[in-house]
Amino acid sequence: MVREWDPRTAPAAEIESFLDTINAAFAADLPDDPLWENGMLREYLSEVMPGERRISWIIQDEPSPDGKPGRIIGHTHVLLLGDIGVVEVLVHPSARRRGLGRKLIATAARRTYQEGFRFIGVEVVGDTPAVGFYEALGFTQEYIETRSVLRLSTVDWNALAEMSRGIAPGYRLEFFPGGPPEELIEAYAMAKAEARVDDGDLDLRPSSCDPQRLRDSLNCLHRRGMKPYIVTAIEEKTGVVAGLTEVVVPAQHPTRADQYDTIVGQAHQGRGIDRAMKARMLFELRTAEPKLAEVQTWNAQTNEAMRAVNADLGFQADRQWFEYGVDVAELVHRLDAANHANRSARPTA
């Protein structure tokens, strides 16, 4: 039975049960990824940006004979932001192929429709059962990225030192653990806004390209237990933020960091800024996060320049990452029709 679930008030045992299920899913689908830890996991599941809402549901096993609640074997949530609902569905590998995923997505889709949203998007990891699951439900592939992983144990630190110094004269690199200082927020947001392009991405993880949204985003990251690290390239004669790169280290998997935006302003391209910033970041992370073993990044297949920079740094392409989308009304209708057909096909006494 699907029930609405609030991780802010859920018992600690349910948070641990969710952790067991997500780690079982990782072991089955992404065996090379690090398992998650219960570091601010409750906050990770509940904190959102201003104006956004996350609604969650779970499915549990039957209670034990002594009345102990059953383990969580399925989970879904929908994040309502802007004009789209972003959904995630998780089913324990031992409970798959029992229709639980369809029950969960049906619940999330109906709620999204009732909330007045017209479109649902989802991130789907290539070479996992999720691809066939969403395609069977009528989701359409809208965008493709490639995930690449850098293992710090393989880094050539001497070569990296040369890259970090390979920036044209007239620029300096600055490192900011925790995020850019307040006096840099507006220039930082301006650099992100200038680089914003419409490349077909469904905007399931929107970048913060105005000052207040940037402040809100940084605060939200900290509340969720995700520490941001920033390296900026400053043009010395103007003080303009010519480039920036962002890496976040989550408390939930502190051995693998996530690369966020890397941006170089159009007027400053071709000066070695992107490669130098990312190399400097790796040096800083080696000191600031001694538990860190890997960094993962995502790049559009069309972004050949950044893919080349990442290859120079030692990143290895891992697997494809897809964004799928579907009209909510069509999805609800399709699921209701399938449910009706299944009921009609059942034998009667």
query: Under 3.5 Å, is there a donor-acceptor pair between the side chain of S17 and the main chain of I72?
result: yes
- prompt: Under 6.0 Å from the CZ atom of R223, do we count more than 12 heavy atoms belonging to anything else shown?
  reply: yes
R172 atom CZ, neighbour heavy-atom count above 12 within 6.0 Å: yes
- request: Give a yes or no on whether the backbone of A10 and the side-chain of R42 come within a donor-acceptor separation of less than 3.5 Å.
  value: yes
query: Within the side chain of Q252, is there an N or O that forms a donor-acceptor pair under 3.5 Å with the backbone of G39?
result: yes
query: Think R286 forms a cation-pi with W157, using NZ or CZ under 6.0 Å from the six-ring centre and within 45 degrees of its axis?
result: yes
message: Using a strict threshold of under 4.0 Å (side-chain N to carboxylate O), is an ion pair present between E14 and R3?
response: yes
Nearest-0.5 Å distance that lies between atom OG1 in T245 and atom CZ in R275: 13.0 Å
- prompt: Just how far is it from atom OG1 of T107 to atom CD of E4, taken to the nearest 0.5 Å?
  reply: 10.0 Å
- request: Check for a donor-acceptor pair, side chain of T76 on one end and backbone N or O of E88 on the other, with a separation under 3.5 Å.
  value: yes
message: Does the plane of the ring in H253 sit parallel, tilted or perpendicular to the ring in W36? Use 30° and 60° as the thresholds.
response: tilted
- prompt: Under 4.0 Å between a Lys/Arg side-chain N and an Asp/Glu carboxylate O for D6 and R8?
  reply: yes
- prompt: Are any side-chain N or O atoms of H222 and backbone N or O atoms of G178, one a donor and one an acceptor, separated by less than 3.5 Å?
  reply: yes
query: Is it the case that more than 12 heavy atoms not belonging to E115 sit under 6.0 Å from its CD atom?
result: yes
- prompt: With a 6.0 Å cut-off on ring centres, are F139 and Y324 close enough?
  reply: no
Electrostatic pair R271:E235 at N-O distance under 4.0 angstrom: no
